[in-house]
Every structure is written in structure tokens, then in C-alpha cells.
Amino acid sequence: MSGLTIIVPVKAAVPNVTAVRLDPVTHNLVREGVPLMLNPYDRNALEFALRLKDRYGGKVITLSMAPPSGKDFLESTIGMGADEAYLITDRAFAGADTLATSYTVARSIQRLFPNFDLIVFGEETTDSTTAHMPAQVASWLSLPFVYYAVDAEVKLEDRLIVVTRYLEDEGVYETYEYKMPIIISVYKNSNPPRDISLVRKVEAKLNGLVKVVDNNTLKLERECIGLRGSPTIVAKIEDAKPIERKKQIFKGDPKEAAKWLLDNLTKEGVIRP
Amino acid sequence: MSAAQAQQKICSEWNPVNKNEHKGIWVYVEYVNGVIKDGSLQLIGKARELASKINTDVTAIMLGSNLGDVVKEPIYYGADRVIYVDHPALAKYVPHIYANVIVQLANKYKPEIILFAATKRGRELAPYVANSLRTGITADCTELDVDPKTRDLDQVRPTYGGNILAHIRTPTRRPQLASVRPNVFPTPPRDTSRKGEIIAETIDSIPNINGQGLIEVRPVVKGEELPPVEKADIVVVAGRGVGSADGVKLLTELARLLGGTIGGTKKVVDAGWLPADRQVGQTGKTIRPTLYIGVGVSGAIQHVFGMKESKVIVAINSDPNAPIFQYADYGIVGDYRDVVKELIELLRNYKK
Ligand SMILES: Cc1cc2nc3c(=O)[nH]c(=O)nc-3n(C[C@H](O)[C@H](O)[C@H](O)COP(=O)(O)OP(=O)(O)OC[C@H]3O[C@@H](n4cnc5c(N)ncnc54)[C@H](O)[C@@H]3O)c2cc1C
């Protein structure tokens with residue numbers, strides 16, 4: 001009975017989202033000069049995967065569709081405990097929206113690791129926050145999927161997995177049982193990640209442990225990837241316009257401040273003392 | 001189809017789309033554990049507005065088992081039509097089963113737009129549905145509009161921390177999918193005299209669950225009785241500046257006296273002073289109460305993202321330069337302990 005083969009797709013996120021520049025013509029993110037880091041919530045996903053590996057054996061493989069500079073944060077995933085890391089990179093993948101990205105990720109996994117048991121994603125990325133990828137990849141692969149996982153148990157002999165997930169907006173835990181393979185996304189406030197071992201990370205760099213795969217290997221159809229495989233377009237960008245506020249400020253004695261505030265709120269009709 | 005479109009080669013895994021065949025706006029009405037989600041009803045209101053601009057109608061989609069009279073509810077909130085699937089296999093929510101049924105309905109009826117409330121379940125379902133229809137989707141829109149000429153949905157979404165608004169379109173594919181966070185749009189009034197068409201739909205095949213699917217549901221037992229942040233008219237939000245869990249307690253007292261509830265910034269949740277479901281902001285909840293009171297909150301863009309639509313905003317902060325004052329109608333500069341103590345005292349006296 002073999003252990004689990006777990007794929008953890010990860011993303012290079014922009015660390016400081018508020019300092020981001022967009023190209024005024026293409027509306028794409030200007031990536032040059034912007035340092036990239038491992039999306040924080042992907043670390044919770046990697047932790048989730050590593051815990052399963054610790055319990056049931058097998059291997060954890062990280063994979064990212066990223067520019068060539070993505071090698072560095074993939075080395076971090078090895079530093080955290082991943083057994084292997086793959087950088088999926090090609091000019092042809094550029095300009096992809098979530099559909100084209102999910103296509104590239106799904107088909108890469110199918111070609112490179114056809115016998116995987118689980119694909120484990122982070123809940124969302126901190127820079128684009130769509131949470132699309134897990135469900136879109138599930139759709140390309142026609143597999144069951146479940147979001148917001150906090151824990152899982154595996155019955156290796158039956159290849160079954162029992163996943164518990166937390167729905168924050170309902171305050172409910174749900175438990176699902178599926179035959180593997182399935183796709184999971186991990187609740188971002190769960191599975192606090194272990195540290196990244198710098199020694200392992202440096203070893204990964206020195207030994208060139210991150211494997212690079214381009215579209216000469218994958219042979220994905222041009223019309224399905226990058227800009228051409230993306231049904232959505234950014235038609236326009238603009239600065240967010242805030243609502244006009246009264247901006248009345250009170251400085252001084254707290255007693256008077258409290259009275260001033262309650263009087264104004266009563267006048268506004270938002271409290272009824 | 002234009003000549004240019006006809007010529008352009010598309011991905012061999014995409015179906016060809018004839019845009020003219022697609023008509024009508026759909027809202028997926030989320031119904032779980034006996035409750036219709038407010039976020040879905042709010043989208044019916046928005047869909048009405050969009051439908052009138054392009055001269056079409058609004059259809060609500062409902063799934064479940066033994067649905068009964070609840071299928072009439074979307075009509076009361078403004079839908080012209082309800083298409084529902086009532087099937088024992090839908091008694092329990094299983095993501096890929098629910099998503100698959102919606103895909104089958106969309107393939108049969110060919111709507112031009114499908115809207116989802118961006119609840120936790122909605123965020124899970126919508127991308128699977130979109131992808132299976134080989135079309136685009138935009139998450140967490142804060143505004144929606146429609147171009148009467150092209151019938152393209154203008155999907156407005158804050159991006160990169162909320163200081164940029166992106167207008168996203170899906171010009172060549174149909175349907176066009178978008179999700180919208182709960183409470184971005186108001187809930188339309190419920191009018192039980194409204195009439196509409198109700199269609200019981202059957203589906204060809206329910207996909208395999210591949211296992212037992214949902215086997216257990218366990219609600220979290222909540223110690224305190226204050227309502228969730230997205231449900232209250234008055235929300236007092238604790239920031240890192242309240243200094244400790246005791247500070248949060250003091251604000252909870254204030255919230256109680258005002259008949260409201262307590263929420264927190266990410267820093268307060270990270271410190272463990274409040275549970276994660278009380279976090280307000282980009283990675284927490286979006287709220288639009290009539291009164292927001294931020295105490296010891298600096299006003300970071302990611303926080304403001306989740307509260308800027310509040311009717312009246314109050315800030316209490318010791319730093320006169322705190323960014324939160326830029327978003328406030330009423331601001332008090334001072335140590336929150338003194339100010340909140342006085343507020344509590346005054347409110348107690350009012351009560352007497
Ligand atoms: C990807 C990402 C997502 C995020 N999502 C969210 C989110 O959803 N929600 C969220 O809230 N944040 C979010 N953040 C964090 C956000 O950037 C801020 O760090 C956070 O909102 C700050 O919380 P705060 O205002 O409580 O604390 P601080 O910024 O530390 O501010 C504390 C304030 O308290 C004031 N203060 C101190 N002492 C007193 C006193 N005695 N009396 C009165 N005032 C006092 C100070 O002047 C200061 O203004 C996110 C960040 C990132 C990068």
C-alpha cells in the first residue's frame with residue numbers, strides 16, 4: 001500500500017498589494033522590480049499536506065506557474081518540507097486569467113503526475129483574492145472538490161479521505177468523505193505553517209532541486225493558454241472613489257466628546273437613546 | 001457572430017458560443033439548512049436593475065430536496081421566474097454535485113448572465129460552474145452594470161488591496177459569471193403579492209458522489225449572544241489600539257448598550273481577542289451597517305475595504321493623523337478608555 005502523492009500548487013504573490021503599479025496600457029501588473037513571495041495562505045496549504053504526509057507517508061510536490069524568477073519561492077517550499085518542486089514557465093503562459101491559469105495548472109499536473117491522490121490549494125491569494133483556482137482545476141479534471149478544509153483523515157487501503165471543513169460565515173463544520181483523487185483548499189486560519197529551513201532552502205538552490213518545465217514539454221494548445229485562453233479582459237482601471245464624509249473632529253474633554261458624539265448620532269437618526 | 005470572431009480559432013476544449021442564443025439574467029439563490037441567504041436576495045434586486053437596461057428578465061435558480069413553498073420566495077423579492085430542481089440527491093450540499101446541476105441547467109436554458117452571492121459556498125460553486133461552461137468569472141464584484149449595446153456585463157472589482165477598481169468584461173463568451181459579496185447591495189422589500197412563473201426542472205444525470213459526500217454537520221457552539229457583524233445595524237469595531245482582550249470587553253459593553261454588535265480588525269483577530277468570523281475587511285467580512293464605530297482602528301486600506309459603505313462612520317483614535325479619520329463622519333481624538341467610559345456612562349443614564 002503506497003503512501004499519498006500530494007500536489008500543492010502555489011503562487012508568487014505581490015507582498016505589498018497597496019504599492020502595486022499597473023501598466024497603463026495593458027492593465028497588467030508591472031512585475032519587474034516587484035519582489036515576489038510565496039502567497040502566505042499557500043503555506044497553510046503546504047502545512048496541511050505535510051501533516052498528511054507525516055501521518056500516512058508518500059510525497060509532497062509543489063508546483064507553480066510563474067515567471068523564471070519563481071524559482072526562489074519554490075526553493076522556500078522545499079525549505080518548508082516539500083520533496084519536489086516544479087516551475088511551470090513559458091512566455092506562452094503570459095497574460096492568463098484564472099481560466100487559462102487553471103487550465104495550465106490542471107493539464108501540467110495530469111501530464112507530470114497522473115497518479116496523484118490529492119491537490120491541495122491555499123484558500124486564496126493575498127494579491128488577487130479570487131479563490132477561483134481550486135474549483136476551476138476541479139472542473140478541468142472532473143473531480144470532487146471541497147474548500148476551507150481544516151483537517152483530513154485518510155483510509156489508505158480504500159483510498160478514501162474524510163475532510164473536515166469550516167464555513168466561517170455560517171459558523172459550521174462539515175465533514176465530507178470522498179474516494180481519492182480529490183481537490184482541497186485549506187481554510188486560511190488553520191494549519192499554522194512550520195518554519196522554512198534555510199539549510200534545506202540553500203541545498204535546494206545549490207543542487208538545482210527545482211525542476212523547470214516549459215511548453216515544449218507540456219505541448220499545451222496555444223489557444224487554451226495565456227492571453228488567448230483567457231475569456232475575461234480588463235476593460236478599464238480607475239482609482240477607487242471614496243464616499244464623501246463629514247470629517248467632523250472633536251478634540252478635548254472626554255465627557256464633552258461623548259456628549260457631542262451621541263447628540264450628533266441622535267440627530268442622524270442612527271441611534272435612539 | 002462577427003466575421004472576426006468567426007475566424008478566430010478558439011481552444012479546442014471550448015464549445016463555440018453564439019451570443020444571440022443567450023438571454024436572461026440568472027441569480028443562483030443559495031438555500032441551505034432551511035435558510036435563503038440574504039446575499040442571494042440582494043442580487044435579485046440588482047439583477048432587476050440590469051434586466052431593465054437590456055430588456056430581459058430575472059430568473060432565480062434553486063436546488064434542494066423537498067423544497068416546498070420556499071421556491072416562491074425569489075418571486076416575492078423581484079424575480080420573474082424560478083427554475084428549481086427538487087431531487088433526493090440534492091438533500092445534502094455536495095459542491096461538485098450542486099455545481100454540476102447548475103451547469104446542466106445553464107446548458108439547457110442558455111442565460112447571458114449568472115450571478116452568485118460570494119458566500120463561502122458561493123465562492124466554492126461559482127468558479128466550477130464558470131469553468132465547466134468554459135467562460136470567465138469575476139469574484140467579489142462591488143458594482144455591476146450592463147452595456148445595452150453589447151450586452152456585456154461590466155464587472156467592477158477592487159483589486160490589489162482595494163485602491164484600484166478594475167472593470168472586467170467577458171466579451172466573447174456566454175454566459176457571463178460574477179460573484180458579489182453579501183451586503184454590497186441592499187435587500188429588496190419582500191412583496192408577497194408579486195406573481196411569477198415557477199418551473200420544476202428535472203436533470204438528466206446526477207454525477208457520482210465518489211464516496212459518501214457530506215457525512216456530518218456540526219455547528220460551532222457560540223458562548224456569546226451578540227449577532228454576527230454582517231447582520232447588525234450598529235457595529236463597534238475594536239482595533240489593535242484597544243490594547244488587550246479587556247479592551248475588547250469594554251467595547252462589547254458599549255456595543256450591547258447601543259443594541260449592536262462587536263467586530264474587530266485583523267490584528268485583533270490575530271491576537272486572539274475575537275474569533276475570525278468577527279473580522280471586518282478585505283479578508284474578513286464586508287459590512288454596511290447604519291453605524292460603524294471604529295475604536296483604536298488605524299484605518300488600513302484592507303480594513304476600510306470592508307466597512308466604507310457604512311451609512312455613518314465614527315472613529316475614536318489617540319492619533320490625530322490616523323487615516324481612519326479620512327473615512328469618518330465623526331471623529332474623536334483621544335484615549336479610547338476615557339471616551340468609551342463616558343459613552344457607556346451616558347448611555348446607561350439614557351436607559352434609566
Ligand atoms: C493581504 C492582507 C489582508 C488584510 N486583511 C485585513 C482585513 O480583512 N481586515 C483588517 O482589519 N485588516 C486586514 N489587514 C491588515 C491591515 O493592513 C492592518 O494591519 C490592520 O487593519 C490594522 O489593524 P488595527 O487598525 O487594529 O491596528 P493598527 O494599525 O496597529 O492601529 C492601531 C491604532 O490604534 C490607535 N491607538 C493606540 N492606542 C490607542 C488608545 N489608547 N486609544 C485610542 N486609539 C489608540 C493607534 O493610534 C492606531 O491608529 C490585511 C493585510 C493584508 C496584507
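In what follows, chains are A, B, ... by sequence order, proteins preceding strands, each numbered from 1. Keep in mind the model is a prediction, meaning the values are calculated, not measured.
V234(A) and A166(B) make their closest contact through CG1-CB, 4.4 Å (heavy atoms, listed as atom of the first residue, atom of the second, distance). Smallest separation of non-hydrogen atoms from A258(A) and E342(B): CB-CB, 3.6 Å. Considering all non-hydrogen atoms of both residues, F325(B) and K247(A) come closest at O-CG, 3.9 Å. Of all heavy-atom pairs between P231(A) and T135(B), the closest is CG-C, 3.8 Å. The two residues I10(B) and E221(A) have their closest heavy-atom pair at O-OE2, 4.2 Å. Nearest approach of Y93(B) to R165(A), heavy atoms of both residues: CE2-NH2, 3.4 Å.
Without hydrogens or angle criteria, Y178(A) side chain to Q212(B) main chain gives no donor-acceptor distance under 3.5 Å.
Contact of N189(A) with chain B is made through the side chain alone, with heavy-atom distances under 4.5 Å. Heavy-atom distances place both the backbone and the side chain of V312(B) under 4.5 Å from chain A. Contacts of R222(A) with chain B are absent, with no heavy-atom separation under 4.5 Å from either backbone or side chain. Proximity to chain B (any heavy atom under 4.5 Å) is restricted, for I243(A), to the side chain, taken from C-beta onward. Both the backbone and the side chain of K259(A) have a heavy atom closer than 4.5 Å to some heavy atom of chain B. Only the side chain of L265(A) comes within contact range of chain B, judged by heavy atoms closer than 4.5 Å. Interface residue A276(B): backbone and side-chain heavy atoms are both found under 4.5 Å from chain A. Looking at Y147(A), the atoms closer than 4.5 Å to chain B (heavy atoms on both sides) sit in the backbone and in the side chain alike. Interface remark: V162(A) contributes side-chain atoms only to the contact with chain B (heavy atom separation under 4.5 Å). Both the backbone and the side chain of V94(B) come within contact range of chain A, each with at least one heavy atom under 4.5 Å from a heavy atom of that chain. Both the backbone and the side chain of R134(B) come within contact range of chain A, judged by heavy atoms closer than 4.5 Å. If you measure heavy-atom distances from Q326(B) to chain A, the contacts under 4.5 Å come from both the backbone and the side chain. Within the 4.5 angstrom heavy-atom criterion, no atom of P289(B) approaches chain A. For R173(B), the part sitting under 4.5 Å from any heavy atom of chain A is the side chain, from C-beta outward, and nothing else. For chain A, the nearby parts of I313(B) are the backbone and the side chain; heavy atoms of each come within less than 4.5 Å. Neither the backbone nor the side chain of S185(A) comes within contact range of chain B, judged by heavy atoms closer than 4.5 Å.
Ranked by heavy-atom pairs shorter than 4.5 Å toward chain B, the options E223(A), R245(A), K246(A), Q248(A) are led by R245(A). Contact count versus chain A (heavy atoms, under 4.5 Å) is highest, among I209(B), D140(B), L258(B), T283(B), for T283(B). Considering only heavy-atom pairs separated by less than 4.5 Å from chain A, the leading option among P95(B), S132(B), G213(B), G211(B) is G213(B). Counting heavy-atom pairs closer than 4.5 Å to chain A, the top residue among L291(B), D338(B), T290(B) is L291(B). The greatest number of non-hydrogen atom pairs below 4.5 Å with chain A, out of Q155(B), E309(B), K341(B), R169(B), is found for R169(B).
Inter-residue side-chain proximity for I271(A) and I234(B) is flagged as met; some heavy-atom pair is nearer than 4.5 Å. Side chains of E124(B) and V146(A) form a contact here, defined as non-hydrogen atoms less than 4.5 Å apart. Looking at L167(A) and R121(B), their side chains come closer than 4.5 Å, going by heavy atoms from C-beta outward.
Under the side chain to side chain donor-acceptor pair (under 3.5 Å) criterion, E238(A) pairs with H167(B), not counting sequence neighbours. Legend: residues meeting side-chain contact (heavy atoms from CB on, under 4.5 Å) with E143(B), ordered by chain and number and at least two apart, are K46(B), V156(B), F185(B).
The cationic group of R218(B) lies under 6.0 Å from the six-membered ring centre of Y173(A) and within 45° of the ring axis, placing it in a cation-pi geometry.
With 3.5 Å as the limit, one finds no donor-acceptor pair spanning the side chains of E216(B) and Y176(A).
In summary, E174(A) and K92(B) do not engage in a salt bridge, as defined by a charged side-chain N under 4.0 Å from a carboxylate O.
Note: W260(A) and Y330(B) have perpendicular aromatic rings, judged against thresholds of 30 and 60 degrees for the angle between ring planes.
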